[in-house]
Amino acid sequence: MPRVRFAPSPTGYLHIGSARTFIFNWLYARHNDGTLILRIDDTDVERNTQQSLDSIFEGLKWLDLGWDEFYRQSERLDLHRAMARTVLDRGLAYRDFSLAGSDEDTMDRADRGLSRDESDRRAEAGEPFVLRFRVDRDPPRDVKFRDAVYGEQSKSTADIEDFALLRSNGLPTYHMASCADDVDLRITQVIRGQDHLTNTFKHVLIFEALGAAPPEFAHLPLLIAPDGAKLSKRKHGPVVSVTTYRDAGFLPHAFVNFVCLLGWSPKDDREQMTRQELVEAFTFDGINRSNATINFTEQDPFDPKAVWLNGEAIRQSGIEELARQLVPLARAAGLDVDYERMLRVAPLIRERMKLLRDVATVADFFFVEKLLSYDPAELIPQKGDRPMALAVLTRARDVLGAAEFTHDSLDAALRAAAQELKLKTGQMFQPVRVAVCGRKNAPPLFETLEVLGRETCLERIGEAIEMLA
RNA sequence: GUCCCCAUCGUCUAGCCCGGCCUAGGACACCACCCUUUCACGGUGAGAACGGGGGUUCGAAUCCCCCUGGGGACGCCA
């Protein structure tokens, strides 16, 4: 049974690249009936924050995929130290007491040749040290592994420096903790970003030193920003945060769908896929080797394809479900909404939204007492003038005062009115639409009038007439 | 500086491993037209790419080499 893990470090919010790593791990686990482990890599006490841990959970929960087991590295430090000790005892690591560091030749540290006796003595005396892996370069040999995505990989030990296993404060480094836990948790596949590809040679060395078979590795092409650099929290800001997508009104699945298409393909031209279809189609063979650019700008933080996918997902969602999701977004935008009313509005705006937050700009007039002020010139129809607009609105007021407020009778009544006034239907409808919606672009007129109700419509048309008079 | 990885439309990608079916396919975006009471949805269509140079071969987007370009890693961060 495959066992994979997603191992974020709580040093910032969950960004889209991490989210993709999580999703690919999830997909692999589900496709192969395996186990997905969430492991918090929090060995760097200085940089960890509760806030970012919360934000990671928030992001992962929103994705709504779940995981099977949970661990925190900070609760497993004894294991890491014990394994580091094993490496030391096998002579494959040494204590480096020269804490200056920077000028030091990273290949051949001065303390590399210290005798074990002296090393032990100084350690017992309480002298601080860094435990380093003793990379065997005499003679150099090639460290090899086969990556499931990038193929055979090889690197000479001559090009690998003596990296740290334990810090002078006694805490394990990422390399040590990660490998120790991968062994202990019996991880079978390590699926992570390609930025770890060169680290992997060090990890292979650690697995060897521990006498453990290394897991299979699958490195993912990086997600890069339009400026060409690896996506980063520091450089690109909140536009790369998963919560930014959530707050804008992405549907979790649309987001997942989009992210899956970055660096992976089902190879058969499918793009909109259900969760089940993704699980069934996901294999390492479909993963690309080249980095994927995610398109965003300061003005428009979301990739157009993500937005399109989301619009499609919105159109495919049920009215009840959509209305339920729209209510909080509308409230956040300051609109006075309730579920019942949203249920009537949702069908009118479903295909006019790409993000859930669009509800605020597309449906505001359904929920406000008083329309936002608009330019009275908007009331004047194509190839028409002020008197025409006035005539239309006056007639419309009479008609709507009498008509039954259902789609069909409104349709019939207003069309008849247009004919009487010898106007094109468009010339008849536009002033009415602007009067009741406060703008030219809006959902279909009769449905809109129906939902708005007679009282509101007459009131707004009256106001429009006053504006023109 | 050293090492590693990558290279098809603006972007995401199919094709590459197993050369010919590729006058390079799909999607998003953009543009045009159709539908239409506006907007949107939907439909139809157009433009748009194999980074360059050498090989190998009857034949190369596909195989090899070089160049160029891009990215990543080299921390007592992960």
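The shown structure was predicted, so the numbers you read here are calculated from the model rather than taken from an experiment. Lettering follows sequence order; numbering is per chain, from 1. Side-chain atoms are counted along with the backbone in the values below, which use heavy atoms only and exclude waters and symmetry mates.
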(Q) In whole Å, I'd like the distance from the CZ atom of Arg39(A) to the P atom of A78(B). (A) 12 Å

Show the distances under 3.5 angstrom between N or O atoms of the protein and N or O atoms of nucleotides 18-23 of chain B.
none

Q. Between Glu280(A) and Arg270(A), is there a side-chain N and carboxylate O pair less than 4.0 Å apart?
A. no

Q. How long is the line joining CG of Leu166(A) and P of G75(B), in whole Å?
A. 17 Å

Q: Check every atom of A73(B), C76(B), A78(B) against the side chain of Lys230(A) and return the nucleotide holding the closest atom.
A: A73(B)

Q: Please say whether more than 12 non-hydrogen atoms of neighbouring residues, nucleotides or ligands are located less than 6.0 Å from CD in Gln316(A).
A: yes

Q: State whether the number of non-hydrogen atoms from other residues, nucleotides or ligands found under 6.0 Å of Arg275(A) atom CZ is greater than 12.
A: yes

Q | Rounded C1' spacing from G45(B) to C6(B) in Å | A | 36 Å

Q: Locate the shortest heavy-atom distance separating His236(A) from Ala225(A); write the atom from each residue and the value.
A: CE1-CB, 3.2 Å

(Q) Roughly how many Å apart are A7(B) and U23(B), using the P atom of each and rounding to a whole number? (A) 23 Å

Q | Arg132(A), Arg112(A), Arg95(A) screened by salt bridge (charged side-chain N to carboxylate O under 4.0 Å, His left out) with Asp162(A), the one that passes | A | Arg112(A)

Q: To the nearest Å, give me how far apart CG (Leu355(A)) and P (A40(B)) are.
A: 16 Å

Q. Looking only at atom P, what distance separates C21(B) and C63(B), rounded to whole Å?
A. 15 Å

(Q) Rounded to whole Å, how long is the line connecting atom CZ of Arg192(A) with atom P of G72(B)? (A) 17 Å

Q: Name the nucleic acid region contacted by Arg439(A), choosing base, sugar-phosphate or nothing; use a 4.0 angstrom heavy-atom cut-off, strictly under.
A: nothing

Q.
Protein within reach of the bases, or only the backbone? For nucleotides 2-16 of chain B, mark each nucleotide 5' to 3' as B, S or -, using heavy atoms under 4.0 Å.
A. SSSSSS---SBSSS-

Between the protein and nucleotides 36-38 of chain B, which nitrogen or oxygen pairs come in under 3.5 angstrom?
{"unit_1": "U37(B)", "atom_1": "O2", "unit_2": "Arg433(A)", "atom_2": "NH2", "d": "2.1"}
{"unit_1": "U38(B)", "atom_1": "O2'", "unit_2": "Asn441(A)", "atom_2": "OD1", "d": "2.9"}
{"unit_1": "U38(B)", "atom_1": "O2", "unit_2": "Lys440(A)", "atom_2": "O", "d": "3.0"}
{"unit_1": "U38(B)", "atom_1": "O2", "unit_2": "Ala442(A)", "atom_2": "N", "d": "2.9"}
{"unit_1": "U38(B)", "atom_1": "O2", "unit_2": "Ala442(A)", "atom_2": "O", "d": "3.1"}
{"unit_1": "U38(B)", "atom_1": "N3", "unit_2": "Ala442(A)", "atom_2": "O", "d": "2.6"}
{"unit_1": "U38(B)", "atom_1": "O4", "unit_2": "Pro444(A)", "atom_2": "N", "d": "3.2"}

Q) Between Ala229(A) and Pro304(A), which is nearer to the 5' end of RNA chain B once each is assigned its nearest nucleotide? A) Pro304(A)

Q) Between Leu222(A) (CG) and G72(B) (C1'), how many Å, whole number? A) 7 Å

List, one per line, each side-chain donor-acceptor pair under 3.5 Å for residues 197-204 of chain A, sequence neighbours excluded.
{"unit_1": "Asn199(A)", "atom_1": "OD1", "unit_2": "His196(A)", "atom_2": "ND1", "d": "3.4"}
{"unit_1": "Thr200(A)", "atom_1": "OG1", "unit_2": "Arg192(A)", "atom_2": "NH1", "d": "3.1"}
{"unit_1": "Thr200(A)", "atom_1": "OG1", "unit_2": "His196(A)", "atom_2": "O", "d": "2.8"}
{"unit_1": "Thr200(A)", "atom_1": "OG1", "unit_2": "Leu197(A)", "atom_2": "O", "d": "3.2"}
{"unit_1": "Thr200(A)", "atom_1": "OG1", "unit_2": "His219(A)", "atom_2": "NE2", "d": "3.1"}
{"unit_1": "Lys202(A)", "atom_1": "NZ", "unit_2": "Glu161(A)", "atom_2": "OE2", "d": "3.0"}
{"unit_1": "His203(A)", "atom_1": "ND1", "unit_2": "Arg192(A)", "atom_2": "NH2", "d": "3.0"}
{"unit_1": "His203(A)", "atom_1": "NE2", "unit_2": "His175(A)", "atom_2": "ND1", "d": "2.9"}

Q. For atom CD of Gln51(A), is the number of surrounding heavy atoms from other residues, nucleotides or ligands below 6.0 Å larger than 12?
A. no

Q | For Asp136(A), side chain to side chain donor-acceptor pair (under 3.5 Å) partners two or more places apart | A | none

(Q) Strictly by Watson-Crick or wobble contacts shorter than 3.5 Å, is anything paired with C31(B), and which nucleotide is it? (A) G45(B)

**Q.** Sugar-phosphate, base or nothing in reach of Gln73(A), heavy atoms under 4.0 Å
**A.** nothing

Q: Find the partner of A7(B): check Watson-Crick (N1-N3 plus N6-O4 or O6-N4) and G-U wobble (N1-O2, O6-N3) distances, both under 3.5 Å, and reply none if neither fits.
A: U68(B)

Q) How is His196(A) classified with respect to the nucleic acid when contacts are heavy atoms under 4.0 Å: base, sugar-phosphate, or nothing? A) base

**Q.** Quiz item: cation-pi between Arg20(A) and Phe24(A), 6.0 Å / 45°
**A.** yes

(Q) Using whole Å, what does the distance between atom P of nucleotide G72(B) and atom CG of Asp195(A) come to? (A) 9 Å

Q: Provide, to the nearest angstrom, the distance between the CG atom belonging to Leu309(A) and the C1' atom belonging to C28(B).
A: 9 Å

Q: Look at Arg289(A) together with Asp147(A) and state whether they make a salt bridge at an N to O cut-off of under 4.0 Å.
A: no

Q: Select base, sugar-phosphate, or nothing to describe what Thr43(A) touches, counting heavy atoms under 4.0 Å on all strands.
A: sugar-phosphate

Q: Apply the side-chain contact (heavy atoms from CB on, under 4.5 Å) test between Phe365(A) and each candidate in Thr456(A), Thr448(A), Val436(A), Leu335(A); give the one that qualifies.
A: Thr448(A)

Q: Give every residue pair that meets the ring pair (Phe, Tyr, Trp, His ring centres under 6.0 Å) criterion with at least one member in residues 416-435 of chain A, sequence neighbours excluded.
A: Phe429(A)-Phe446(A)

Q: Provide the distance between the two P atoms, one in G59(B) and one in G20(B), to the nearest whole Å.
A: 15 Å

Q.
Between P on A78(B) and CZ on Phe163(A), what's the gap in Å once rounded to a whole number?
A. 13 Å

Q: Look at Arg132(A) and C76(B) and indicate whether a side-chain polar atom (N or O) is within less than 4.0 Å of OP1 or OP2.
A: yes

Q: Considering only atom C1', compute the distance from C50(B) to C31(B) and round it to an integer number of Å.
A: 25 Å

Q | Base-pairing mate for C50(B) - Watson-Crick or G-U, with both contacts under 3.5 Å | A | none

Q) Looking only at atom C1', what distance separates G70(B) and C30(B), rounded to whole Å? A) 26 Å

(Q) Can you confirm if the NZ or CZ of Arg122(A) lies within 45° of the ring axis of Phe129(A) and under 6.0 Å from the centre of its six-membered ring? (A) no

Q: Could you tell me which nucleotide pairs with U2(B) by Watson-Crick or G-U wobble geometry, both distances under 3.5 Å, or answer none if nothing does?
A: A73(B)

